[in-house]
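For ligands, and for the atoms within them, numbers begin at 1 and follow the listed sequence. None of the values given here were measured: they were computed from a predicted structure. Values reported hereafter were calculated over all heavy atoms of this structure, with side chains retained and with hydrogens, waters and symmetry mates removed.
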Amino acid sequence: MNVVIIGAQWGDEGKGKIVDYLAHEAGVVVRFSGGANAGHTIVLSGAKYALHLVPSGILYSDKIVILGSGMVIDPEALFGELAALKEKGIDWEGRVLISDRAHIVLPRYKEMDKQVDAQRRKPIGTTGRGIGVAYSQKASRDGIRLADIGDEERLCNVSDEDRAFLAKWKDQLLPMSVNTGAYLHHHKNKWTLFEGAQGALLDIDTGTYPFVSSGMSCAAGAAAQGGIGPRNIDRILGVFKAYTTRVGNGPFPTEFADDSPGSLSNYIRTTGNEYGVTTGRPRRCGYLDLVALRYACIVNSLDRLVLTHLDVYDTLPEFEACVAYKIRGKLVEDFPASIADLEEATPVLKKFPGWSEHIDECRSWEELPLRAREYVQFIEAYTETPVSIISVGSDRQQTIIRESPWIRS
Ligand code: GDP
Ligand code: IMO
Ligand code: MG
């Protein structure tokens, strides 16, 4: 059985936590997009693990994790991350595989990424991890895949400096190489979880282009770049927060205008710890954007939604969510492609009463306060997508399962 998990907003929805939770039932976890720009956090009995390249199934000692062909891999970052895991007692040897079709991020890509973004009149605010450069090298057919690094003939166009870098990592990388499509085919009796990075609105095609990342973070990416065909996907889940955040630049219709101390924006950032895992940048905050969420549901065929950070609203007497945009006087309910339209959009907000109690110890739907359940039900009706999992805190255990995705319908 194959279950795909993606972010349904602008990243940082809590994908790492949910993938870790659901990986318990899986045999294999495949990360299918992005690179060291991602930051996926798992909290286990108070211990925090920040993953950037390694898939979020690594904490279970019996799981195989695969870095898929859609990923762009910085060997320095990868082996640094693996060394940090080892220090925390996670034995990863023999369990971490890398698609032979995955692309390598060279050190100069990171410099180029920073320089190019600094020269833009409207910078994207990239993470500086060389992601856009690696994907453009891939698209222009000048990239280097893992399968190429031992092939002298293939490296004939590569500079001495780049060759020296590849030679340095070759002996560590090559034993981890796997033909992902064949591997998953031969292990199709194992349940596999496909972990997306970034989110639907940061996807190169479905996102708020050009203020996006460069990989396929949409659900289709799991098929194109994870090693299975589209027909073999059984379930697609989209993770979203009770509110919205965004790091870096680009349109954000529900962003709070007031970010001063004591503001709601500030409260959410502090309570939700909304700081980037990769760059430490404060995340921009705003109310839940249901127009954008419904768009993510539609273009990704989301079967189910996973709601996280519901606990961050615990003490608010009331809050709002965006149910439409007003763009130059016109009511718009479909998420626009035009950046100018998104920048002009003012949210039409619906008010919800708060529940004014702590929900971090709730472990079932019935235990949630009525007003929290009503908020969830409104989201389900608006997006026409059931919310099957609710997260009420960062710890693995702080999770309410209404319906497991590991059930064939
Ligand atoms: P990802 O990139 O989607 O994996 O998300 P990040 O790890 O970048 O950011 C999510 C942050 O929220 C992390 O610090 C998580 O530990 C934390 N988190 C996840 N789920 C919840 C939740 O339900 N409530 C709260 N308060 N924090 C959560
Ligand atoms: P996870 O997987 C949030 C954003 C960057 C920037 C834009 C392009 O943790 O959800 P890039 O370095 O990819 O070229 O930057 O995309 N971005 C993310 N924002 N979460 C992420 O990953 C992100 N990965 C990239 O901030 O705006
Ligand atoms: Mg993140």
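We find the CZ-CD1 distance between F194 and I236 to be 11.5 Å, quoted to the nearest 0.5 Å.
With hydrogens and angles left out, the side-chain atoms of Y382 and R294 include a donor and acceptor closer than 3.5 Å. When only modelled atom types and interatomic distance are considered, S56 and E195 share a side-chain donor-acceptor pair under 3.5 Å. In this model, no donor atom of one side chain and acceptor atom of the other lie less than 3.5 Å apart for Q198 and D203. Between the side chains of R281 and T279, at least one donor N or O sits under 3.5 Å from an acceptor N or O.
What sits closest to atom 2 (O) of ligand 2 on the protein, heavy atoms only, is H40 NE2, 2.7 Å. Nearest protein heavy-atom contact of atom 20 (N) of ligand 2 is D12 OD1, 3.1 Å. The shortest contact between atom 8 (C) of ligand 2 and any protein heavy atom is with V212 O, 3.4 Å. The protein heavy atom nearest to atom 24 (N) of ligand 1 is D311 OD1, 2.8 Å. Among all non-hydrogen protein atoms, the one lying nearest atom 22 (O) of ligand 2 is Q198 NE2, 3.5 Å. Regarding atom 27 (O) of ligand 2, its nearest protein heavy-atom neighbour is V247 O, 3.1 Å. The protein heavy-atom contact nearest to atom 11 (C) of ligand 1 is H309 NE2, 3.9 Å. Of all protein heavy atoms, the one closest to atom 23 (O) of ligand 1 is S391 OG, 2.5 Å. Protein heavy atom closest to atom 15 (O) of ligand 2, with residue, atom name and distance, is T126 CA, 3.4 Å. When only non-hydrogen protein atoms are considered, atom 13 (O) of ligand 2 lies nearest to S213 OG, 2.6 Å. Closest to atom 16 (O) of ligand 2, if we only count protein heavy atoms, is L202 CD2, 3.7 Å.
Ligand 1 lies out of reach of Q9, whose nearest heavy atom is not under 4.0 Å from it. For the ligand labelled ligand 2, residue G39 lies inside the 4.0 Å heavy-atom shell. Contact annotation: G125 has at least one heavy atom less than 4.0 Å from an atom of ligand 2. D117 does not count as a contact of ligand 2, since none of its heavy atoms falls under 4.0 Å from the ligand. Heavy-atom separations between G393 and ligand 1 include at least one value shorter than 4.0 Å. The shortest separation from a heavy atom of W10 to ligand 2 is under 4.0 Å, placing the residue in contact. Ligand 2 is approached by K15 to a heavy-atom distance shorter than 4.0 Å.
Neither the backbone nor the side chain of R129 has a heavy atom within less than 4.0 Å of ligand 2. In T279, neither the side chain nor the backbone holds a heavy atom less than 4.0 Å from any atom of ligand 2. Residue contacts with ligand 2 for R281 involve side-chain atoms from C-beta outward but no N, CA, C or O (heavy atoms, distance under 4.0 Å). Both the backbone and the side chain of T127 come within 4.0 Å of ligand 2, counting heavy atoms alone.
For F256 and Y287, the distance between ring centers is under 6.0 angstrom.
For the pair K15 and ligand 1, the shortest N or O to N or O distance falls below 3.5 Å. Checking only distances, K48 never comes within under 3.5 Å of ligand 1, N or O to N or O. In terms of polar-atom proximity, G272 is not counted as a contact of ligand 1, lacking any N or O under 3.5 Å from an N or O of the ligand. Taking only nitrogen or oxygen atoms, main chain and side chain alike, G16 reaches within less than 3.5 Å of ligand 1. Polar contact with ligand 1: present for R283 (N/O pair, distance under 3.5 Å).
Under a 4.0 Å criterion applied to the non-hydrogen atoms of N37, ligand 2 contributes the atoms 12 (O), 13 (O), 24 (N), 25 (C). Numbered from 1 in the order shown, with element, the atoms of ligand 2 that lie under 4.0 Å from a heavy atom of G248 read 27 (O). Listed by atom number, the atoms of ligand 1 under 4.0 Å from K17 heavy atoms are 20 (N). Counting atoms of ligand 2 from 1 in the listed order, those under 4.0 Å from a heavy atom of A197 are 2 (O).
Of the candidates F378, Y267, F352, F319 forms a ring pair (Phe, Tyr, Trp, His ring centres under 6.0 Å) with just one, namely F352. Here the rule is salt bridge (charged side-chain N to carboxylate O under 4.0 Å, His left out) with D117, and of R120, R121, K114 only R120 fits it.
Stacking of R396 on the aromatic ring of Y60 is recorded, both the 6.0 Å distance cut-off and the 45° axial limit being met.
Panel note: side chain W406, backbone L22; a donor-acceptor pair is recorded below 3.5 Å. Side chain of R31 to main chain of G226: no donor-acceptor pair is present (N/O by atom type, distance under 3.5 Å, no hydrogens or angles).
Applying the ring-ring contact (aromatic ring centres under 6.0 Å, His included) test to pairs two or more places apart or on separate chains, those with a residue in residues 77-120 are F79-W169.
Because the distance cut-off is set at 2.8 Å, G39 qualifies as a neighbour of the Mg ion (ligand 3) through one of its N, O or S atoms.
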